[in-house]
Amino acid sequence: MRRLERYLTVVYSSGANPVILLNKIDLADDPTRLVEKIQSIAGTVPVIPLSALSKTGLDALSPHFNPGETVALVGSSGVGKSTLINSLLGETVQRTGGIREDDEKGRHTTTVRQMFLLPNGAVLIDNPGIREIQLGDSAEGIEKAFSEIVDAASNCKFKDCTHRDEPGCAVLKAVKDGIIPEERLASYHRLTDELAFQSRKSEIGLKRLEKERFKKIAVDIKKYKKSTGKL
Ligand SMILES: Nc1nc2c(ncn2[C@@H]2O[C@H](COP(=O)(O)OP(=O)(O)OP(=O)(O)O)[C@@H](O)[C@H]2O)c(=O)[nH]1
Ligand SMILES: [Mg+2]
Ligand SMILES: [Zn+2]
């Protein structure tokens, strides 16, 4: 669930419309429960259960494959992105790989990004499996991925409320009333903290670069003075 929240944040901030595919439902005892669980953090994002391997549930994807539109598949290695491409195209255009026995992780079978044209004119992109979802510059993405928190926040007493311990915090009240799950607010805090940390880090990095540049200039001036002095 927490990883999906990161994906949604990044996909939203990219400007794309997220759709969540729950693949390998042939392996699930209770797919409906899983979909419900995912839907609880997905808001209005569609959640589509399917099996790329046994080709079940693929019809539900058709509203998302429109001529002239581009769809990119993203997810961890081994989730079945390439298998889905093969099933949609009806032929083996991409190599697929097994799952490691010991930790059930994928083997990073796809190593380059590749584009495919579906018969109806939609474009489909297969990507290598994502190892780690870096947030990058995703402040806007967080707002969209956690829209229920942003909505509630409009009723907080303070405009700059951080929803941690402020009086009159409408988000904390919604959590207390059971409207917003506690884990959702915890995720929101974790992701916003991470973004703040990253931007501070890059600021420090910039400052250090600048300092080094000035140091180099000072050294060059010294050298120049020395050389001209000798002349
Ligand atoms: N049981 C089951 N296995 C599946 C399904 N879809 C894919 N697999 C299997 O999962 C494994 C990984 O599939 P891939 O399509 O290579 O996964 P990928 O997401 O492209 O992985 P990378 O290219 O490494 O990022 C293969 O052994 C597939 O046969 C499915 O719907 N059900
Ligand atoms: Mg692949
Ligand atoms: Zn608040």
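Numbering of ligands and ligand atoms starts at 1, following listing order.
- Residue-environment remark: CG (Asp137) stays at or below the threshold of 12 foreign heavy atoms within 6.0 Å.
- Under a 4.0 Å criterion applied to the non-hydrogen atoms of Ser51, ligand 1 contributes the atoms 30 (C), 31 (O), 32 (N).
- Of the protein's non-hydrogen atoms, Gly78 N, 2.9 Å is the one closest to atom 21 (O) of ligand 1.
- The shortest N or O to N or O distance between Pro128 and ligand 1 is not below 3.5 Å.
- Not one N or O of Arg95 is nearer than 3.5 Å to an N or O of ligand 1, by distance alone.
- Here Arg6 pairs with Glu194 in a salt bridge; the nearest charged N to carboxylate O distance falls below 4.0 Å.
- In this structure, atom 4 (C) of ligand 1 lies nearest to the protein heavy atom Lys24 CE, 3.7 Å.
- Residues Val74 and Val19 do not share a hydrophobic cluster, clusters being chains of Ile/Leu/Val/Met/Phe/Trp/Tyr side chains in contact below 4.5 Å.
- Around atom NZ of Lys24, more than 12 heavy atoms belonging to other residues, nucleotides or ligands sit under 6.0 Å away.
- Near His108, with a cut-off below 4.0 Å to any heavy atom, the atoms of ligand 1 are 24 (O).
- Of all protein atoms, those of element N, O or S that lie under 2.8 Å from the Mg ion (ligand 2) number 2.
- Contact detail for Leu58 and Ser51: the closest heavy-atom pair is CD2-O, 4.2 Å.
- Within a 6.0 Å radius of CZ in Phe158, more than 12 heavy atoms belonging to other residues, nucleotides or ligands are found.
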Practice prompt. Go through the steps for Arg3 and Ser76 under the test side-chain hydrogen bond (donor to acceptor under 3.5 Å, both in side chains), then give the verdict.
Written response: CA-CA 10 Å; Arg3 197 179 312 166; Ser76 302; 2.8 Å; yes
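- Between atom CD1 of residue Ile180 and atom NE2 of residue His163 there is a gap of 9.0 Å, rounded to the nearest 0.5 Å.
- Geometrically, ligand 1 and Thr109 share a nitrogen or oxygen pair separated by less than 3.5 Å.
- Ion pairing of Arg164 with Asp193 is present here, as a side-chain N (NZ or NE/NH1/NH2) and a carboxylate O approach within less than 4.0 Å.
- Annotation for ligand 1: atoms under 4.0 Å from non-hydrogen atoms of Gly129 are 25 (O).
- At most 12 non-hydrogen atoms from other residues, nucleotides or ligands lie less than 6.0 angstrom from CD of Glu140.
- The shortest non-hydrogen separation linking Leu4 to Ile38 is CD1-CG2, 3.8 Å.
- Regarding atom 24 (O) of ligand 1, its nearest protein heavy-atom neighbour is Ser77 OG, 2.6 Å.
- Ligand 1 has an N or O atom lying under 3.5 Å from an N or O atom of Lys81, backbone or side chain.
- Angle SG(Cys156) to the Zn ion (ligand 3) to SG(Cys161), rounded to 10°: 120°.
- Under a hydrophobic clustering in which Ile, Leu, Val, Met, Phe, Trp and Tyr are joined whenever their side-chain heavy atoms come within less than 4.5 Å, directly or via other members, Phe146 and Ile133 fall into the same cluster.
- Using a 4.0 Å cut-off between charged nitrogen and carboxylate oxygen, Glu5 and Arg184 count as a salt-bridge pair.
- Within the listing of ligand 1, atoms 6 (N), 7 (C), 13 (O), 14 (P), 15 (O), 28 (C) sit less than 4.0 angstrom from a heavy atom of Thr83.
- Counting heavy atoms closer than 4.0 Å to ligand 1, residue Leu27 contributes side-chain atoms (C-beta onward) but none from N, CA, C or O.
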Fill in: Full working for side-chain hydrogen bond (donor to acceptor under 3.5 Å, both in side chains) between Glu166 and Thr162
CA-CA 7 Å; Glu166 290 91 338; Thr162 64; 2.7 Å; yes
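- Where the criterion is an N or O separation shorter than 3.5 Å, residue side chain and backbone included, Asn23 meets it with respect to ligand 1.
- Judged by the shortest distance from any of its heavy atoms, Gly97 lies inside the 4.0 Å radius around the atoms of ligand 1.
- When only non-hydrogen protein atoms are considered, atom 3 (N) of ligand 1 lies nearest to Leu53 CD2, 3.6 Å.
- The single protein non-hydrogen atom nearest to atom 17 (O) of ligand 1 is Gly80 N, 3.1 Å, given as residue, atom name and distance.
- Neither the backbone nor the side chain of Leu84 comes within contact range of ligand 1; no heavy atom lies under 4.0 Å.
- A 6.0 Å sphere centred on CG of Asn66 holds more than 12 heavy atoms belonging to other residues, nucleotides or ligands.
- His163 contributes atom ND1 as its closest N/O/S atom to the Zn ion (ligand 3).
- Between the NZ atom of Lys81 and the OG1 atom of Thr109 there is a distance of 8.5 Å, given to the nearest 0.5 Å.
- Contacts between Asp26 and ligand 1, counted as non-hydrogen atom pairs separated by less than 4.0 Å, involve the side chain only.
- When only interatomic distances are considered, the shortest N/O to N/O separation between Leu50 and ligand 1 does not fall below 3.5 Å.
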